[in-house]
2 protein chains.
Amino acid sequence: MALDSASQNQRRSDAPEVVVARLPQYVRILTRLLQEGAEVVSSQQLGEKLQVTPAQIRKDLSYFGRFGKQGRGYSVIHLLERLKLILGLNSFWNVAVVGVGRLGRAILSYPGFTPDGFHIVAAFDSNPDVVGETIAGLTVSSLEELDEVVSSKKISIAIVAVPTEHTQGVVDRLVACGVRAVLNYAPISPQVREGVRVRNIDPVLSLQSMTYYLTDHPVD
Amino acid sequence: MALDSASQNQRRSDAPEVVVARLPQYVRILTRLLQEGAEVVSSQQLGEKLQVTPAQIRKDLSYFGRFGKQGRGYSVIHLLERLKLILGLNSFWNVAVVGVGRLGRAILSYPGFTPDGFHIVAAFDSNPDVVGETIAGLTVSSLEELDEVVSSKKISIAIVAVPTEHTQGVVDRLVACGVRAVLNYAPISPQVREGVRVRNIDPVLSLQSMTYYLTDHPVD
DNA sequence: CCGCATTCGTACTAATTTTCACAAATACCT
DNA sequence: AGGTATTTGTGAAAATTAGTACGAATGCGG
Ligand SMILES: NC(=O)c1ccc[n+]([C@@H]2O[C@H](COP(=O)([O-])OP(=O)(O)OC[C@H]3O[C@@H](n4cnc5c(N)ncnc54)[C@H](O)[C@@H]3O)[C@@H](O)[C@H]2O)c1
Ligand SMILES: NC(=O)c1ccc[n+]([C@@H]2O[C@H](COP(=O)([O-])OP(=O)(O)OC[C@H]3O[C@@H](n4cnc5c(N)ncnc54)[C@H](O)[C@@H]3O)[C@@H](O)[C@H]2O)c1
């Protein structure tokens with residue numbers, strides 16, 4: 001008794017969502033450390049880079065197993081590998097972008113998704129003038145092809161950048177096609193059935209949560 | 001004794017940051033309700049729209065005062081007014097955009113900032129080919145003019161969309177000019193001195209925090 | 001005008017999240 | 001090899017955040 005399967009198993013169920021949300025940051029720092037040639041890193045050093053306490057890092061990791069060595073720290077390459085596995089980043093996810101407007105184009109030409117585990121393999125727009133256009137090597141498809149392409153390309157993640165009023169409808173269609181995670185840029189929070197994940201990116205809310213702390217008056 | 005200044009004062013100090021971060025969402029819903037002609041709203045109704053418990057809404061609001069009426073609810077227009085005042089959204093904040101690339105252009109032409117309290121009044125880029133260009137009615141300035149423009153236009157908020165490696169430098173310059181809040185789009189977290197606020201927008205981290213829950217395997 | 005249905009504001013309780021602190025393990029120095 | 005300095009992993013404590021539940025108002029219907 002005592003030493004059971006915890007260390008070789010991911011224990012997916014019982015890690016709090018806040019903890020899971022911090023893991024990608026650990027992955028990012030570790031990736032950088034690996035590139036810089038670091039072989040080991042302590043929770044202390046990691047904490048300094050991330051501005052969190054070393055205890056929090058150790059506690060977070062302990063939800064998933066035991067990855068460190070006392071007196072030494074963590075093997076950068078090994079911990080990175082394990083975290084990617086836990087997050088499902090050991091191979092690539094195919095992603096669709098829906099809405100090829102100003103923002104959608106910036107997203108399509110952003111090179112930062114690929115090194116971090118995401119391949120943008122399809123783009124959709126409802127505007128016939130946009131359909132057929134090629135951006136960053138990808139030809140924009142029409143919405144009619146959505147179901148077919150999502151299935152054939154095994155797309156389970158979508159980035160949605162369409163006008164607010166079309167967002168819920170687009171998300172509904174995507175979910176019906178089998179998409180299980182949505183990154184939404186419109187200033188609403190689309191409703192989805194249980195089991196589908198949504199993250200919203202909303203610069204206005206971010207700005208408004210800062211002005212509270214700007215004690216002097218805004219310009220008038 | 002007993003009934004003191006709490007209700008007519010904002011009590012800025014003691015509201016937890018999580019609570020402050022929810023207020024902009026309340027503002028957004030209330031704005032919509034006002035447009036729809038609603039006069040009063042209960043914490044119950046608000047909670048349904050926001051997917052939070054009515055108790056949380058009442059608790060959150062109670063950090064700042066007493067805005068409701070028993071048996072009736074909250075006056076939409078009155079509560080909205082008060083929340084905007086608390087968040088410093090009663091008048092406009094002038095904002096600068098630094099980095100007029102693909103993303104910066106999308107931001108400059110996004111009409112969603114103005115109705116919510118932010119005027120983009122300046123844009124800066126280091127590329128001489130971009131300086132002088134006019135986007136969405138705004139002419140791009142060179143970085144030499146940064147200090148002068150930030151002062152003269154009373155800019156205290158900046159949106160930064162420059163390449164990762166230039167981000168920390170740009171943020172440092174902005175802070176030196178007097179900017180006190182930064183919305184950063186690069187995949188790092190710029191370090192700033194105490195008193196300056198930063199929010200990061202990082203779609204990759206958002207995606208990576210969802211893949212954990214996508215139990216079936218990514219494409220390989 | 002009275003009773004009943006609402007709904008707030010908040011004291012209290014519960015749950016969650018973070019931090020502390022220490023035994024156990026490891027590395028390193030002499 | 002022995003001693004000292006590190007550093008992990010984790011129970012326990014502390015702090016934060018969320019939820020319950022109820023008294024006190026308020027409005028409404030008859
Ligand atoms: N531009 C920004 O910086 C910015 C910032 C914050 C939020 N947003 C939000 O992002 C979304 C897109 O913004 P944008 O500036 O790119 O707008 P845009 O108008 O430039 O582009 C929207 C695109 O979506 C397409 N579209 C419309 N309905 C569609 C549908 N049903 N299915 C597929 N495609 C459809 C349009 O043809 C167009 O190409 C909006 O919701 C906006 O509020 C944008
Ligand atoms: N495009 C996206 O969808 C996207 C998504 C996520 C993150 N980002 C991040 O946003 C930032 C901008 O992305 P982009 O796609 O617009 O890049 P981009 O290369 O198209 O634009 C960057 C702009 O910044 C300017 N610039 C460079 N150094 C500068 C400096 N020191 N001061 C002022 N301006 C400077 C450049 O001249 C250029 O115009 C990057 O950090 C990128 O990682 C972009």
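Every chain is numbered from 1, with letters handed out A, B, ... down the list of sequences.
Take A/S43 and apply the side-chain hydrogen bond (donor to acceptor under 3.5 Å, both in side chains) test, not counting sequence neighbours, and it matches A/R58. With sequence neighbours excluded, the residues forming a side-chain hydrogen bond (donor to acceptor under 3.5 Å, both in side chains) with B/Q45 are B/S42, listed by chain and number.
A cation-pi arrangement is found for B/R197 relative to A/Y213, the charged atom lying closer than 6.0 Å to the ring centre and inside a 45° cone about the ring normal.
With rounding to whole Å, A/I57 atom CD1 is found 15 Å from C/dT17 atom C1'. The CG-C1' distance, from A/D14 to C/dT16, rounds to 14 Å in whole Å. Following rounding to the nearest Å, A/F64 (CZ) and D/dT10 (P) show an atom-to-atom distance of 13 Å. If you measure from atom CZ of A/R58 to atom P of C/dA21, you get 13 Å, rounded to the nearest angstrom.
Using a 4.0 Å cutoff on non-hydrogen atoms, the parts of residues 68-77 of chain A near DNA chain D are A/G68, A/K69, A/Q70, A/G71, A/R72, A/G73, A/Y74, ordered by number. A heavy-atom distance below 4.0 Å to DNA chain C is reached by these residues of residues 29-49 of chain B, ordered by number: B/S42, B/S43.
With no hydrogens or angles considered, no side-chain donor-acceptor pair links B/D60 and B/Q56 at under 3.5 Å.
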- Query: Where along nucleotides 12-18 of chain D does protein come under 4.0 Å, by heavy atom, of base (B) or sugar-phosphate alone (S), with - for untouched nucleotides?
  - Reply: B----SB
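Classification of B/R180 and B/E194 as a salt-bridged pair fails, no side-chain N sitting under 4.0 Å from a carboxylate O.
The heavy-atom pair separating B/K153 from B/V121 by the smallest distance is NZ-O, 3.1 Å. For the residue pair A/T167 and A/N184, the shortest heavy atom distance occurs at CG2-OD1, 3.4 Å. Scanning all heavy atoms of the two residues, the minimum distance from B/Q168 to B/P190 falls at OE1-CA, 3.3 Å.
Counting heavy-atom neighbours within 6.0 Å of B/L143 CG, excluding the residue itself, gives a total above 12.
Between A/H119 and A/F92, the ring planes are parallel. Angles under 30° get that label, and only those over 60° would be called perpendicular.
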Please report, to 0.1 Å, the donor-acceptor pairs under 3.5 Å made by any side chain of residues 106-118 of chain A, with sequence neighbours excluded.
| unit_1 | atom_1 | unit_2 | atom_2 | d |
| --- | --- | --- | --- | --- |
| A/S109 | OG | A/R105 | O | 2.8 |
| A/S109 | OG | A/A106 | O | 3.4 |

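A close approach under 4.0 Å does occur between a side-chain nitrogen or oxygen of B/R66 and OP1 or OP2 of C/dT10.
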